[in-house]
Each structure stands twice: as C-alpha cells, then as structure tokens.
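FYI, side chains are in, hydrogens and waters are out, and symmetry mates aren't considered; it's all heavy atoms of this structure.
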Amino acid sequence: MEKLPKIGLPILILIVLGIVFISKSTETIASGEAGVLYKTFGGGVVTDEPPLGEGFHLVAPWNKVYVYEVRQQEVFEKMQVLSSNGLEIKLDASAWFQPDYAKLGSLHQEKGENYVSRVLLPTIRSAARSVVGRYTPEQLYSSKRDAIQKEIFEETKKIVENQYIQLNEVLVRDVTLPPTIKEAIERKLRQEQEALEYEFRLEKARKEAERQEIDARGKAAANKILNESLTDKILKEKGILATLELAKSPNAKVIVVGSGKDGMPLILGNQ
C-alpha cells in the first residue's frame, strides 16, 4: 500500500505532461478566420500549402499558428489632398477588403500581420492624391464624386492585388472643401439655376405668344372663309329655315314672309 503513491506519481506526471503536450499541439480556427503555419524546424512559414481552415487542428508544440481574419473587413481613412488648382480638400473614405485566402502564407511572410497599415492604407492615400489632383473643387463638389470613387478603387486595386490583398470596394463618404470655396461654388450654382429658370420662363412666354398668334391667324382665316361663303341667297335660306322653326313655337305671333329688309320675313309678336 505504501508503494502505490510512488508508482502513481510518475503516471500522474506523465498524464499532466500529456495534457500540456496536447494543449500545446492543438489549434482551433474560428469562423471567418484561417491560420498560417510556422514550422520552427521545417523552413519557417508554410507558403506552398493551403492555410489552416476553420475547426480543430493538431499542430506540433514547437510550431506556431498565426490566425488571420479572412472575411470582408472595412477600414476608414481621412485624408487631406490637393485639387488640380492646388486647393486643400479633405476626403473621408473607406475600403472593403480581405486577404487573398490562397496566398495567406505569402502575405504573412512578406507583409506581416500589420499589412493593412503597411500596404493598404498607404496605397489608398497615394491613389486618392493622384485622382483628386485631376479635378477642380467645383467638379469634386458637384458631379465627379462617383468618378473619383471609381478611379481611386481601380488605382488601389491595381497595386494591392499583387500584394496578396483582395480589394472589393472603395467608398468616398465625404468631400470637404474650404468654406470660402464652398460658398463661392454654391453661389455660382444658385446663379446658374436662376439663369436657367429665367431662360425657361422666356421660352415659355415665347411659345405662348406663338400659340396665340397661330390661334389668331386661324380665326382670321376662318372668318374670311365664312364671309366669302355668305351670299344673299344663303342668308335668305337661313332666314327662311329660322322662320319655319319659330313658326312651330306655341307663342302667339304673326309672321309676314317677304316683308322685311331684303325680302326677309318679319316676325310680329302679340304685343
């Protein structure tokens, strides 16, 4: 009985060492993440094999796993850039990105875990300076925001896709001009709008005058045709027809046919 503790102690030590060994030899990769394996005695970072995917993995305790988020992420950046005429513009932008999953080992080996600040953000700033420098403040304020957003995205993507980064979108969230420039642009836009409104009123008035002139010409032509078609015989015929209609009325009257001026009927009432 006294020997049992002496026999059990080594076993207990082995069990503890086994537990420590197993805990050091496992790695659990969470959802939306991937692992880069570093082999201490096997050439360092593994770049010729796929990264460790989600789930449970057995890893030798002398090796190490670097975990990266591989789902889409967003980074924000506020920049001060110059327009084509040298005015300072404040640009508020963000980028949607994720690491190139298949090249995650190379990203870790060449760029490191701080690849966003080392590669992505400097590239966005450089592209923004280049693109904004092509436009005037007026263009940036009004109609060219979508254009510069697209151009910044294309120029940034062209660089980072060779740096093991997948760029999905660049969003220009705000463009801030110097207050005096903004006021001048807004005043100019108001004046242009007022001028357009004035032109519209003039055009509307001109078209209304043309319509009235055309209408008057039509009425004059109709009256001319009517006057030319009303001969004495037609007038007499119209008078006779009107007389016959009046004769059908129940009101007491005396109709003398052919006694009026130009032979037109006379209608004498009971009064």
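- Annotation: the span from Arg118 atom CZ to Glu110 atom CD amounts to 12.0 Å, rounded to 0.5 Å.
- Listed here is the closest heavy atom pair of Ser84 and Arg134: CB-C, 4.0 Å.
- Between Tyr66 and Val45 the shortest side-chain heavy-atom distance does not fall below 4.5 Å.
- Using a 4.5 Å heavy-atom threshold, the side chains of His57 and Val65 count as separate.
- Residues Phe97 and Leu167 come closest through the heavy atom pair CB-CD1, 4.3 Å.
- In terms of hydrophobic clustering, with Ile, Leu, Val, Met, Phe, Trp and Tyr side chains grouped at heavy-atom distances under 4.5 Å, Val175 and Leu82 are assigned to different clusters.
- Rounded to the nearest 0.5 angstrom, Gln80 CD and Arg129 CZ are separated by 10.0 Å.
- Smallest separation of non-hydrogen atoms from Glu161 and Lys158: CG-O, 3.7 Å.
- Atom NZ of Lys157 and atom CD1 of Ile124 lie 14.0 Å apart (nearest 0.5 Å).
- The main-chain N or O of Phe76 is never found under 3.5 Å from a side-chain atom of Ser94 such that the two would form a donor-acceptor pair.
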* To do: Could you go through the side-chain contact (heavy atoms from CB on, under 4.5 Å) check for Leu91 and Ile152 one step at a time?
  => CA-CA 12 Å; Leu91 200 67; Ile152 292 173; 4.1 Å; yes
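- Here the closest heavy-atom approach between residue Ala127 and residue Thr156 is recorded as CB-OG1, 3.4 Å.
- Clustering of Ile, Leu, Val, Met, Phe, Trp and Tyr by side-chain heavy atoms under 4.5 Å joins Ile214 with none of the others.
- Take Arg211 and apply the side chain to side chain donor-acceptor pair (under 3.5 Å) test, not counting sequence neighbours, and it matches Glu208.
- For the pair Thr40 (side chain) and Trp62 (backbone), a donor-acceptor distance under 3.5 Å is present.
- Follow the hydrophobic side-chain contacts under 4.5 Å out from Trp96 and you never reach Ile165; the two are in separate clusters.
- Shown are Tyr68, Tyr115, Tyr164; of these, the ring-ring contact (aromatic ring centres under 6.0 Å, His included) with His108 is made only by Tyr68.
- Across all their heavy atoms, Ala34 and Pro51 have their closest contact at CB-CB, 4.2 Å.
- The backbone N or O of Val67 lies less than 3.5 Å from no partner atom in the side chain of Glu33, so there is not a single donor-acceptor pair.
- Listed by first and then second residue, the salt bridge (Lys or Arg N to Asp or Glu O under 4.0 Å) pairs that reach into residues 162-175 are Glu74-Arg173, sequence neighbours excluded.
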* Mind running salt bridge (charged side-chain N to carboxylate O under 4.0 Å, His left out) on Arg206 and Glu203 for me, showing each step along the way? => CA-CA 5 Å; Arg206 183 183 66 79; Glu203 181 66 15; 2.3 Å; yes
* To do: Kindly indicate, with the supporting measurements, whether the criterion side-chain contact (heavy atoms from CB on, under 4.5 Å) is fulfilled by Gln109 and Thr47.
  => CA-CA 8 Å; Gln109 186 180 58; Thr47 59; 3.7 Å; yes
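- Each salt bridge (Lys or Arg N to Asp or Glu O under 4.0 Å) pair with one or both residues in residues 84-97, not counting sequence neighbours, appears once here: Lys78-Asp92.
- Separation of atoms CD (Gln72) and CG (Asn168) is listed at 4.5 Å; rounding is to 0.5 Å.
- Environment of NZ in Lys103: sparse, with no more than 12 heavy atoms of neighbouring residues, nucleotides or ligands closer than 6.0 Å.
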* What's the verdict on side-chain contact (heavy atoms from CB on, under 4.5 Å) for Leu121 and Thr123, showing C-alpha distance, side-chain angles and the deciding distance? -> CA-CA 5 Å; Leu121 290 179; Thr123 305; over 6 Å; no
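- The structure places CG of Asn63 at 12.0 Å from CG of Leu58, a figure rounded to the nearest 0.5 Å.
- Between Ser83 and Thr136, every side-chain heavy-atom pair lies at or beyond the 4.5 Å cut-off.
- Val131 pairs with exactly one of Lys150, Glu151, Glu154, Gln149 by the side-chain contact (heavy atoms from CB on, under 4.5 Å) rule, that one being Glu151.
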* When you look at Leu87 and Leu177, which way does the side-chain contact (heavy atoms from CB on, under 4.5 Å) test go after all the steps? -> CA-CA 8 Å; Leu87 290 175; Leu177 305 178; over 6 Å; no
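- Ile159 belongs to no hydrophobic cluster with other residues, because no ILVMFWY side-chain heavy atom falls under 4.5 Å from its own, directly or through intermediates.
- The closest side-chain heavy-atom distance from Asp100 to Leu107 is not below 4.5 Å.
- Partners of Ser31 by side chain to side chain contact (heavy atoms under 4.5 Å, CB included), not counting sequence neighbours, listed by chain and number: Glu54, Arg71.
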